[in-house]
Every structure is written in C-alpha cells, then in structure tokens.
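See below for the structure under consideration.
Note: hydrogens, waters and symmetry copies are ignored here, and every other heavy atom, side chains too, is used. In the text below, chain A, chain B and the rest are named by the order of the sequence lines, each starting its count at 1.
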Protein chains: 4
Amino acid sequence: MPRTDQQLAELREESRTRILQGAMELFARYGYTKTSVRMIADHTGIAQGLMYRYFASKEALLRAVLDSFMQQVAQILAEAGTASDPFEHLAQIIRLSFELIQQQPDSWQLFYAIRVQPDVVAGLHEEINILSVALMQQLEIPFRRASIANAHNEAAILFAIIDGVCQQYVINRTIYPLQAVTTAVLAKYSRATLTGATSQ
Amino acid sequence: MPRTDQQLAELREESRTRILQGAMELFARYGYTKTSVRMIADHTGIAQGLMYRYFASKEALLRAVLDSFMQQVAQILAEAGTASDPFEHLAQIIRLSFELIQQQPDSWQLFYAIRVQPDVVAGLHEEINILSVALMQQLEIPFRRASIANAHNEAAILFAIIDGVCQQYVINRTIYPLQAVTTAVLAKYSRATLTGATSQ
Amino acid sequence: MPRTDQQLAELREESRTRILQGAMELFARYGYTKTSVRMIADHTGIAQGLMYRYFASKEALLRAVLDSFMQQVAQILAEAGTASDPFEHLAQIIRLSFELIQQQPDSWQLFYAIRVQPDVVAGLHEEINILSVALMQQLEIPFRRASIANAHNEAAILFAIIDGVCQQYVINRTIYPLQAVTTAVLAKYSRATLTGATSQ
Amino acid sequence: MPRTDQQLAELREESRTRILQGAMELFARYGYTKTSVRMIADHTGIAQGLMYRYFASKEALLRAVLDSFMQQVAQILAEAGTASDPFEHLAQIIRLSFELIQQQPDSWQLFYAIRVQPDVVAGLHEEINILSVALMQQLEIPFRRASIANAHNEAAILFAIIDGVCQQYVINRTIYPLQAVTTAVLAKYSRATLTGATSQ
DNA sequence: GATGAATGAGCGTTCATTCAT
DNA sequence: CATGAATGAACGCTCATTCAT
C-alpha cells in the first residue's frame, strides 16, 4: 500500500533533519574539511548516497548547516531585548551572547572558521554579512534608546568586543576567563559607566 | 665547476623565499586546505618536488609561513610603545593595529582561519597563545601606567575590540568602516574618556 | 531498491577475490615493489580506490596474498603424511613439494622474494618462521618414525634441499632439471639408502 | 697544471670504487629499493650527480655491485679445492660456504633478494646462471674424483643444501643453528657416509 | 525512497635523473 | 672532474560523487 503524500513528506523531512543535525555535529567537532561524507553517513545511520537526494553536494550541506545555525542565532538574538530599560537591555544582550558561546562553542567555532575562509561556500559571505548587519542593528537599539551619542559606532565596538571575546573563548576554552571578562564588559556597559560616573 | 658556497647559499635563499612568499599569498587567498602543492609550484614557477628540499611537508610550510608572520607581528608590536604618556601609548597601539590589518589583510585572514581550526598544525595553538598573551601584556602596560583600575580586564577587552574589528574588516574589506571605528575606539580610549569626563 | 544482504556479500566477495587474485599474479610476476596499485586496478578491471575498501593498504594486500598462500601450503603439507610407512611418507612429502612448486611457481617466487626482504611487511617474518618451523616438524616425523639418528638435523637438511631445489627451479624454470633432481632426492631418501645399503 | 692521464685514471678509479663500495654496503643493509641515490651520495661523501658519470643508472650500479660480489665469490670458491683427497675437498667447500655466509650475510641477502626478483636487472639472470653452473661444476669435481655415482645430481643436491641452509641462516640469523647443521652436513658428506658405512 | 559498491580525479610526497655552474 | 639545486613522472592513498539494484 503506497504511502500518502504527507507520509512521504514527513519521511523526507525526517531524513533531511537527521542528516542536517548529524552534519552539524560532525562539522562542529572535526571541522568541515576533516569531516567526510562517509563519516556523516555512519554517524547518522543513513547511506552515503542518500545525502545527495537532499543536498546537492557536501558544500550545499555545509551551507544548509550554517543557514540553520545563523537563523537560530538571529532568532534568539531578536528575542533578546525584552527589557524596557535600555541599559538592562544591553546587559541582557551581553549576557546572552556569552551564554550562547558557552552552550555550543563547537558550532560557533565552525561558524568562525568558515566566516574567515574566502570562497569556501559560494554566496555565504553575503548571508553572513546580512546576519552581522542585523545583529549590529539589534545592538544599536539600546544605545539609541539610552540616547548615547554615536550609537552606530558604539554598536560596532560592542559587536567587536563580543566577537573578539567569543572567539578567544572558543579558541582557548579551558583557560580564557570568560566570567571575569563578562563582568568587566557588563561594568563597562552599565548605566553608571555609560552615563559618565567618574571611573568606568 | 661547482658553485661556490656563497652562490649556493644565495640560490637556496632565493628559492626558499620564493616558495615562502608564494605559499603565503596562496594560503591567504584560497586557504590552506584549498591550496595544493601543485598550485604553489605553478604560482612560484618552481617544481613541486623542490618544495620538499626546503620544507618537510605542506604543513611545515604553513608553519613557516605563520611563524614568519607572527614573528613579524610580535616585533612590530613590541616596538609600538615609544610614547611616554600612557594614553598616547594606548592610542599608538590602536592606530598601529588598524594600520597593520590594512597593510596585509591576507596574512591576517590566514592567521585568523588557522587560529580557529583546531589541529591543522600540531603545536601551533601554543605558539598562538604565547603571542596572544604577549600582546595582551603589551596592552596592559599603558593601562597600568595610567593607573586604570582592573588593568588586566581592560587589556582583555581592548584586545577583544581590536581582534573583533580586525576580523570584521578582513571579512568585509570593502564595506567595513574601519576609519570611523578607529576614530570611535580612539575616543573611547582617550584620556578624557578613561579618566572620567562626563560623557565617554 | 537496495540489494539484499546476500547480494551484497556476494558482490563484496567477488571483488575481494578478484583483487586478491590479480594482486597475486602481478606481485608474483613483477615483484611487490614494481607492482603499482594502478597496475592492479587495471589488471583486475576495478577502480584504484576500490582496493582500499577491501584492504587497508597495498602492504595489507600483500599480507593477505601471502597469508592466503601460506595457509594453503600449510594445509596441503599437513595432509601430506598419509602413508603408514615412514619412508613412503618421506617420499610423499618430497614428491608433493616438487609438485607444488611446479603448480604455482609464481606464488612461490613471490614468497621467496618477500622472505629475504627484511621489513617489507611488518611482522611477516614471524609468520614465515612459524610456517618454517611447522614444516620442519612435519619433516621430522618420518625420520623419527624410521628411527633415523639425529632426526632434527636430518629434517633441517632435507628442508634445505627442498628449499634450495625449489628456489633454483623457480629462478630458472625452463632449464633446471627438476625431474632428474627429484629422482635423485627420492633415491637419497629411499629406505635402501637411509638404512645403509652400500651405495647411497 | 693539468694532471697526467694516469692521475686522472686513478682519480676515476678511486671515485668509482668508493661509490661501488658504499652502494654495496647500503644495498646490503637496506635493500636495493629502500636505498636512494641520495643515501649513497651522503654515505660515500660524493655528489649525487657524480654517480651518473660512473654508472648509467641506479640499476646499472646495482648490476656492478652484484657483478663485483659474484666475481669475488666465484674466485674464492675456485680456490677452494686445494685438498688432494676428494672427501676433504668436499668438506672444505662445505665449510667455506658456511663461513662465507657468516662473514657477510647482508651481501648474500641482497644477492638472494635480487636473484628471485624477476626482471629487476635486465640480463642479470644469465650472469647468475653462469655463476650457479660454475659453482655446481666446482662441486661436481670431488664427487667425480671420489667416483660417486651420478656426480652431477649429487652436486645439484649439495648445492641445494648449501643454498637452502645459507638462506635460512640469512633470514633468521640469530636463531638458525648453523653450527649444528654444518656438522650434520659434513657428516652426511664424509667419506664414511658416502662410501657406504652402515648408517648414513 | 534507500542502499552501499564502485568510480576516478586529485591529493601530498618521493626520488631517479638532469643540468647550470 | 665535481657539485647539488632543480625537475617531473610516478607513487600510494582519499573521498566526493555516481549508479545499479
């Protein structure tokens, strides 16, 4: 008895997700280059050939993995600013960012690695830029709401801090003092500091 | 008649440099993995086999490329702090960093790519860490001399800013507003701001 | 529709056998070193890469070839001594040995070549020694049963004769008078000679 | 001041000998395939290119090495038979053979390895055959002088014994009981045994 | 839809040989 | 005569991709 279209669609969706999920894990753990299609097949329990029904190539799979990751990140950060107080909003974003990096450092490492590699995935650059711009705009909001001068540049600098700290952490997870730096960054972006108390 | 020792040494030095230089360019442009030994040979105009007279392996070549780069960077930054005024010192370091990234963005891109890729070169992580620590210590000096509280964390944050900004620039050279950000960072680390004038 | 497990097993078995067989022929004909993986692929009509699904390396393939050969030899010689009379037993072994060398001289040649080459295959030496010792022990039995003095040394000498003759034959198949030598060896190890009739 | 022709000839001869000697050592120690031309150059202290002035190729060098070895062996064995008594003559040959193998097992191992390898050196087979035949003829003499029946086959068998024993020894130098086997072979070819005393 | 055996281009590397000096 | 840097064909091997079932 043939399956209904819906059943087929579900089957497809499940396989696709399984591959995507498994690839994400392995790419994150071993890096894109060192992860072979066979490894993905073994890890996910599907046949090698099947991957090519869902993704045109290994590179396309990487793209899908990164798309999924970036979408996730975009969504999480979009939901970040619930605080009405702009300084608290800022603090939330900072805290959230450093939590995210701790939760799945491997994925971020993959992202960072691909991001600096020119031309590994055609067209990915643009997407990454879109994400970056979106994040920076998110970041700009609280500065603007707090009437901080030069909100755009402030956002760029905070973005750079977060980026830089996250990357240092990812590279050197055991040693990097993420807690201390988090505290320091929060202090630097506290109401007291930003509104000009004597010491920052 | 055999060549003299000096002729030989010159010949060797020239070939070695040519390979190193060409490899640097290609690694930076296409990434380590996507650059094949054949490509290096073709690009530099030497035979494939010759590379192995000067470098034990493709990996050793990468190491040499990175070592050369890191040594250069370490030296430049070590000579950065000539100003007696700690705030000027800070400004010098910031300016210099952003100049360096503009001067050879390809090399930095390669460096950033390798840095987040675990295990591409055995033992390289340690070297990179040593460099990072050295740079952070350089950065700490002016904060300390300026009697800024929590100099260590301040250095970490400034380091993150520079790292983050440089990486953004490298990824998106044409669009990233490096000038504006430089100015903003300099303002943020000016005497006026750090010693607590009303607005930062 | 995926193949059934049995179909798969058959497919695999056929490929494996084909590679093993082809490798045996080429190794025997050209020697291990001069036989390239490409040659084996071309000769057997399979793709180069496929070999590595069945054998971990070219060396592993050689090992498999030799193991298969040695196992065969060990089994054949183990079944050699069916005669109740020790002298007839001896004669059977001698005849059988010289028959075997005629039946597959190439395989023996490969075996002899590898045997004198130290370190071509790690750990193979021990296996070869085990086989040698086993064969010598086989050889010792009839001497002992015939109450010949110094059976151990007699076995060593007969072993050397067989080895020496086989090797000469293999090197120079067209010219070496294997028949005549076989007859002479049989005479030397006949009951009459061994039990001390006037002439040997 | 130009050198005289004779001086040049001596220079040539010395270089040639040096290469030949060094190659022999390395071929014997590591085997032909595993010895690179560079290794020979380093070992002998001459330039790589120089080898090609004296030998057309690495293979030609091997040929020369083996020629030299075979010639040496032929000469030694030719001088072996000084005893007037044919049985003593036989004993001398046997003893000498087993001494030779102990003196330079590496060289013999090289010889054995090349000998069973088809086509490694073009035309070498014939030379080896010539040597074999010469040695067998040497061996035949005492049998004939002792009026042993079937001297030709007896020589073939003794030749096989020596060959087999030497090879076993070479393969397994530390374990093979060369002394005991030597004694046993000498006993087997003693006057008493050959002329038909009761036990062999 | 799913399987995994099969393919073959391309990789990093070695090394006998050549050649400018 | 002697040197050793330079060459490039060939090696063993990997792995993204295809295809028969």
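Between A/Tyr52 and F/dT17, a side-chain N or O to OP1/OP2 separation shorter than 4.0 Å is present. One finds no side-chain N or O of C/Arg3 lying less than 4.0 angstrom from the OP1 or OP2 phosphate oxygen of E/dT3. For E/dA5, neither phosphate oxygen OP1 nor OP2 lies less than 4.0 angstrom from any side-chain nitrogen or oxygen of C/Ser15.
Nearest nucleotide to the A/Gln48 side chain, out of E/dT3, E/dA20, E/dA6: E/dA6. Nearest to the side-chain atoms of D/Leu50 among the listed nucleotides F/dC13, E/dA16, F/dA2 stands F/dA2. With distances taken from any side-chain atom of B/Val37 to the nucleotides E/dA6, E/dG12, F/dC1, the minimum falls on E/dG12. The listed nucleotides are F/dG4, F/dT3, E/dT3; the one nearest the side chain of D/Ile46 is F/dT3. Taking the side chain of A/Arg12 as heavy atoms from C-beta on, and the options F/dT21, F/dG12, E/dG1, the nearest nucleotide is E/dG1. Side-chain atoms of A/Ser36 lie closest to F/dA16 of the nucleotides F/dA6, F/dA16, F/dT21. Side-chain proximity of A/Tyr54 to E/dG1, E/dT13, F/dC13: nearest is E/dG1.
B/Glu13 pairs by the salt bridge (Lys or Arg N to Asp or Glu O under 4.0 Å) definition with nothing, not counting sequence neighbours. Partners of A/Glu126 according to the salt bridge (Lys or Arg N to Asp or Glu O under 4.0 Å) rule, which considers only residues two or more places apart in sequence or in another chain, do not exist here.
Each of B/Leu11 and C/Met39 lies near DNA chain F, and the nucleotide nearest B/Leu11 is the one positioned closer to the 5' end. Taking for each of C/Leu8 and D/Ser57 the nucleotide of DNA chain E with the nearest heavy atom, the 5'-most of the two is the partner of C/Leu8. Along DNA chain E, the nucleotide closest to A/Arg38 and the one closest to C/Arg38 are compared, and the more 5′ of them pairs with A/Arg38.
Heavy atoms of B/Thr4 sit nowhere under 4.0 angstrom from any nucleic acid atom. Residue B/Thr35 is in sugar-phosphate contact alone, with no base atom involved, counting any heavy-atom pair closer than 4.0 Å across all strands shown.
Checking side-chain atoms of C/Tyr32 against main-chain N and O of C/Glu59 turns up a donor-acceptor pair under 3.5 Å.
Rounding to the nearest 0.5 Å gives a distance of 4.0 Å between CZ of A/Arg16 and CZ of A/Phe55.
Between the CZ atom of D/Arg18 and the C1' atom of F/dA2 there is a distance of 12 Å, rounded to whole Å. What separates CD of C/Glu13 from P of E/dA5 is a distance of 13 Å, to the nearest Å. Between the CE atom of B/Met51 and the P atom of E/dG12 there is a distance of 9 Å, given to the nearest Å.
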CA sep, side-chain torsions, deciding dist, call: A/Gln109, A/Gln104, side-chain hydrogen bond (donor to acceptor under 3.5 Å, both in side chains): CA-CA 9 Å; A/Gln109 183 153 4; A/Gln104 34 183 354; over 6 Å; no

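By the 4.5 Å heavy-atom criterion applied to side chains, A/Thr17 and A/Glu14 are not counted as neighbours.
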Pair assignment for DNA chain F - dot-bracket with | for other-strand partners, Watson-Crick or G-U under 3.5 Å: .||||||||||||||||||||

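Residues A/Asp42 and A/Arg38 are not paired through a salt bridge, judged by the lack of any N-O separation under 4.0 Å between the basic side chain and the carboxylate.
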